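Scroll down for the structure; my scribbles are underneath it.
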Amino acid sequence: MGKKEKGAKEKGTASSEEEQKSSEEYQCTGNLEQDFTELCVRLGLIEIPRVVPRLRPPSTPSLDKTIHEDSEWSFHSDKDSLSPFPTKDRFSYFKPCIHIETDSEDSKAVREVFIRGWKIDEKMMGVFSKCLPAVTSLHGVHLWNVGLTDDTLTSFVTFLPRCTALKMIVLDGNPLPRQSYYKLLSEESLLSHVSLRNNNIDDEGAKLIGRALSTLKTGNRNLVSLNLSYNHISDQGATYISEGLRLNRSLLSLSLAHNRIGDQGAIKLAEVLGPFALTHEEIVERRRLLLEKEPIERQRSPSTSRKSESKGDRPVSHPSSTAIDKVDKTAKPSKSASKKKEKSQESAKKDEKAGTGGGGSQAASASAPGGQGATAAKKEDSKAAKKPSSIAEPKTSRSKTVKSANKDKRPPAQEPEQSAEQTETVHPLLEQADHHDGKVFLPGNRTLINLNLMRNFMTEVGLQAFLAAVHLQTQLGKPASSGTNQLGLLRLSLAKNSFPASSKAFLMLQDLMLNRDPLRKNVKPPEEEQTASG
């Protein structure tokens with residue numbers, strides 16, 4: 001019996017090795033349906049999920065067609081049942097399949113992949129690791145309730161960088177024992193939108209996520225939206241996430257709805273939105289960054305530093321006596337020549353006055369033929385007076401051309417350096433700080449524009465903290481020192497908490513946010529619409 005078991009094991013290992021070799025030899029073409037089915041066949045899978053287009057909701061019916069004439073979405077009346085979907089049999093909807101959403105212009109370009117309700121094991125994740133990176137147009141992956149584990153998530157994260165266009169990941173309904181969701185938010189991650197709803201994330205998971213958002217040394221710079229609703233995050237977990245928001249300047253939207261956050265967690269989150277004091281470790285890191293920044297700025301402006309160094313290194317030169325004598329000798333004749341010119345000009349003016357201020361004899365001489373010669377002489381004098389100005393014009397044009405040529409000769413490498421300085425991201429610890437009471441204060445996180453804390457356990461105490469934070473942001477409402485237009489919160493959702501809807505602080509906060517929300521500003525109330533139409 002032992003020999004038979006050994007032989008069966010050897011056969012099984014040999015067959016698995018052959019399947020792996022055959023799957024490795026296959027080169028994906030970028031066609032998801034073709035690549036996925038071929039890889040599954042090579043691995044020896046019996047039931048292969050189908051790749052089908054995702055069903056979209058029906059559009060509004062036109063005048064020519066009625067709702068019942070639509071063949072795809074009409075309710076077929078059979079003897080047994082009514083089916084709103086164009087299915088061949090009754091339970092085909094529940095069979096494992098991969099729904100894809102293609103581009104509107106190119107039907108072969110897959111934009112998003114949706115997998116719902118069937119388990120993805122290590123073997124299936126290996127198939128996805130080969131076929132998904134080949135889809136160059138893939139923008140989002142939605143895995144809802146697919147039974148992920150920490151190991152399958154690790155293998156999933158390893159091939160994500162090879163999906164160059166992938167920006168959105170949705171892993172709702174996949175609770176993990178070790179809560180390794182933070183791997184999606186690493187510093188090297190290029191994801192912009194991550195959704196982790198209904199994953200039983202507690203305070204330990206929130207701690208790992210907060211560290212992934214930002215620390216003193218590292219931080220995520222690409223994540224824009226994070227959804228952590230429908231989890232088990234309490235005040236301590238909210239504190240960890242607020243610590244991650246201190247130095248994070250990329251996250252725009254954060255949802256913590258349907259959690260267990262009370263007043264303490266709300267206060268910590270509100271403190272980050274306004275000016276906050278730096279800790280000792282943050283002050284030390286700020287000083288280190290400032291010391292590193294000085295030599296970089298010196299290298300960017302070498303001309304000024306060289307001039308200052310040359311001025312400081314060279315000894316002060318004193319003019320010699322012979323040079324002073326030469327300068328005096330050259331200066332004296334110029335003064336005498338200028339005096340002679342002034343005297344000749346004054347005598348000419350006197351002659352002109354005498355010629356114009358005479359009696360009838362002078363007028364007769366002017367009307368005589370000799371007078372015509374005088375007038376011609378005057379015209380020549382006026383032409384001679386105009387000649388220096390005409391001669392000076394080419395000099396100015398030459399000087400302009402020389403200047404333009406000098407400008408053209410300048411190296412054009414300065415322009416990209418200026419643009420690089422403008423687009424360079426400033427470390428949050430290097431933002432303009434205020435010093436008072438022996439502490440260093442930063443202006444706070446003004447990058448976050450949307451915060452959702454609906455259906456938690458916040459009372460009037462946490463509400464007052466958010467009201468004070470929003471007041472500060474409205475008072476400071478100017479662009480941050482880093483050069484980017486950071487306006488602060490534009491939408492804050494605090495409904496369905498442990499305070500009454502008629503709370504004065506809640507109503508004041510709603511009024512403040514109503515003026516800040518750009519979407520609500522454009523919506524006119526019904527009274528204004530009626531008056532405008534009337």
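None of the values given here were measured: they were computed from a predicted structure. Just so you know, these numbers use all the heavy atoms, side chains as well, and skip hydrogens, waters and symmetry mates.
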Please tell me if the side chains of S229 and N452 come closer than 4.5 Å, counting only heavy atoms from C-beta onward. no
Verdict with reasoning, E112 to M168, per side chain to side chain contact (heavy atoms under 4.5 Å, CB included): CA-CA 9 Å; E112 296 186 35; M168 180 172 55; 3.7 Å; yes
Do T152 and T149 pair up side chain to side chain, a donor and an acceptor below 3.5 Å, judged on atom types alone? yes
How long is the straight-line distance from CZ of R197 back to CH2 of W144, given to the nearest 0.5 Å? 10.5 Å
Side chain to side chain contact (heavy atoms under 4.5 Å, CB included) between V194 and S225: does it pass, once the steps are laid out? CA-CA 6 Å; V194 175; S225 173; over 6 Å; no
Derivation of the side chain to side chain contact (heavy atoms under 4.5 Å, CB included) call for M125 and F159: CA-CA 10 Å; M125 191 61 73; F159 72 83; 3.9 Å; yes
Count the heavy atoms belonging to other residues, nucleotides or ligands that lie under 6.0 Å from CD of E47, then report whether that count exceeds 12. no
Let me see the working for I449 and R491 under side chain to side chain contact (heavy atoms under 4.5 Å, CB included), right down to the final yes or no. CA-CA 6 Å; I449 61 175; R491 177 173 290 184; over 6 Å; no
For I241, run the side-chain contact (heavy atoms from CB on, under 4.5 Å) check against L254, D203, V272, N248 and tell me which one passes. L254
Show the nearest heavy-atom pair for residues G488 and R516, with the distance to one decimal. C-NH2, 3.7 Å
Rounded to the nearest 0.5 Å, how far does OG of S250 lie from CG of L213? 7.5 Å
Side-chain heavy atoms of M458 within contact of L453, under 4.5 Å: yes
Check whether more than 12 heavy atoms from other residues, nucleotides or ligands sit under 6.0 Å from atom CZ of R288, and answer yes or no. yes
Does any part of the side chain of N231, heavy atoms only, come nearer than 4.5 Å to the side chain of N198, both counted from C-beta? no
Step through it carefully: locate the ring centre of F128, locate the ring centre of F36, and say whether they are under 6.0 Å apart. yes
Taking OH in Y230 as the centre, count heavy atoms belonging to other residues, nucleotides or ligands within less than 6.0 Å. Is the count above 12? no
With a 3.5 Å distance limit and no angle check, can you tell me whether T474 reaches the backbone of H471 through a side-chain donor-acceptor pair? yes
For R111 and D103, what are the C-alpha separation, side-chain angles and deciding distance, and is it a salt bridge (Lys or Arg N to Asp or Glu O under 4.0 Å)? CA-CA 6 Å; R111 293 277 298 170; D103 195 356; 5.2 Å; no
Can you tell whether the side chains of E285 and K217 come within less than 4.0 Å, N to carboxylate O? yes
In Å and rounded to the nearest 0.5 Å, what is the OG to CZ distance from S493 to R455? 12.0 Å
Could you grab the distance from atom CG of L273 to atom CG of L245, nearest 0.5 Å is fine? 8.0 Å
Here the pair of heavy atoms bringing I261 nearest to N456 is N-OD1, 3.1 Å
Matching residue for L132 among D35, L138, L166, V127 - test: side-chain contact (heavy atoms from CB on, under 4.5 Å): L138
Check whether any side-chain heavy atom of L208 lies under 4.5 Å from a side-chain heavy atom of Y240, and answer yes or no. no
Are the aromatic rings of F276 and F441 close, with centres under 6.0 Å apart? no
Side-chain heavy-atom pair Q179, D202 within 4.5 angstrom cut-off: yes
Assess whether atom NZ of K119 is packed by more than 12 heavy atoms of other residues, nucleotides or ligands within 6.0 Å. yes
Quick one: does T215's side chain have a donor or acceptor within less than 3.5 Å of a partner on R211's backbone? no
N200 side-chain N/O to P175 backbone N/O, donor-acceptor pair under 3.5 Å: no
Neighbour count above 12 (heavy atom, 6.0 Å) for R162 CZ: yes
Which atoms form the tightest heavy-atom contact between M454 and L494, and what is the distance? CG-N, 4.4 Å
Between S253 and N450: side-chain donor-acceptor atoms closer than 3.5 Å: yes
Should L489 and Q473 count as side-chain neighbours, where that means a heavy-atom distance under 4.5 Å? yes
Could you check Y181 against N174 for side chain to side chain donor-acceptor pair (under 3.5 Å), going step by step and ending with a plain yes or no? CA-CA 10 Å; Y181 307 101; N174 293 284; over 6 Å; no
With salt bridge (Lys or Arg N to Asp or Glu O under 4.0 Å) as the criterion, how do D151 and R178 come out once you've worked through the C-alpha distance, each side chain's angles and the decisive distance to 0.1 Å? CA-CA 10 Å; D151 296 333; R178 296 197 296 269; 3.5 Å; yes
Considering all heavy atoms, the nearest A134-C28 contact: CB-CB, 3.7 Å
Taking N222 for the side chain and L191 for the main chain, is one N or O donor matched with an acceptor at less than 3.5 Å? no
Can we say R246 and E282 salt-bridge, meaning some charged N sits less than 4.0 Å from an Asp/Glu carboxylate O? yes
Please check this pair: side chain of S137 against backbone of V110, looking for a donor-acceptor N/O pair closer than 3.5 Å. yes
Apply the test side chain to side chain donor-acceptor pair (under 3.5 Å) to residues E460 and S503: give CA-CA distance (whole Å), side-chain angles for both, the deciding distance (0.1 Å), then the verdict. CA-CA 8 Å; E460 292 277 349; S503 172; 2.5 Å; yes
Answer yes or no: is there a side-chain heavy-atom contact under 4.5 Å between E101 and P53? no
Would you call R116 and D172 a salt bridge, using N to O less than 4.0 angstrom? no
CG/L226 to CG/L252 distance, rounded to the nearest 0.5 angstrom? 12.0 Å
Donor on one side chain, acceptor on other, T158 and S155, under 3.5 Å: no
Give me the atom names and distance for the closest heavy-atom approach of G265 to A238. CA-CB, 3.8 Å
Any donor-acceptor pair under 3.5 Å from D235 side chain to K268 backbone: no
Salt bridge present between E431 and R249 (N-O < 4.0 angstrom): yes
Distance-minimising heavy-atom pair for A266 and G462: CB-CA, 4.1 Å
Is K108 close to T102 at the side-chain level, that is, under 4.5 Å between some pair of heavy atoms? no
Which word best sums up how the rings of H142 and F114 line up, parallel for under 30°, tilted for 30 to 60°, or perpendicular for over 60°? parallel
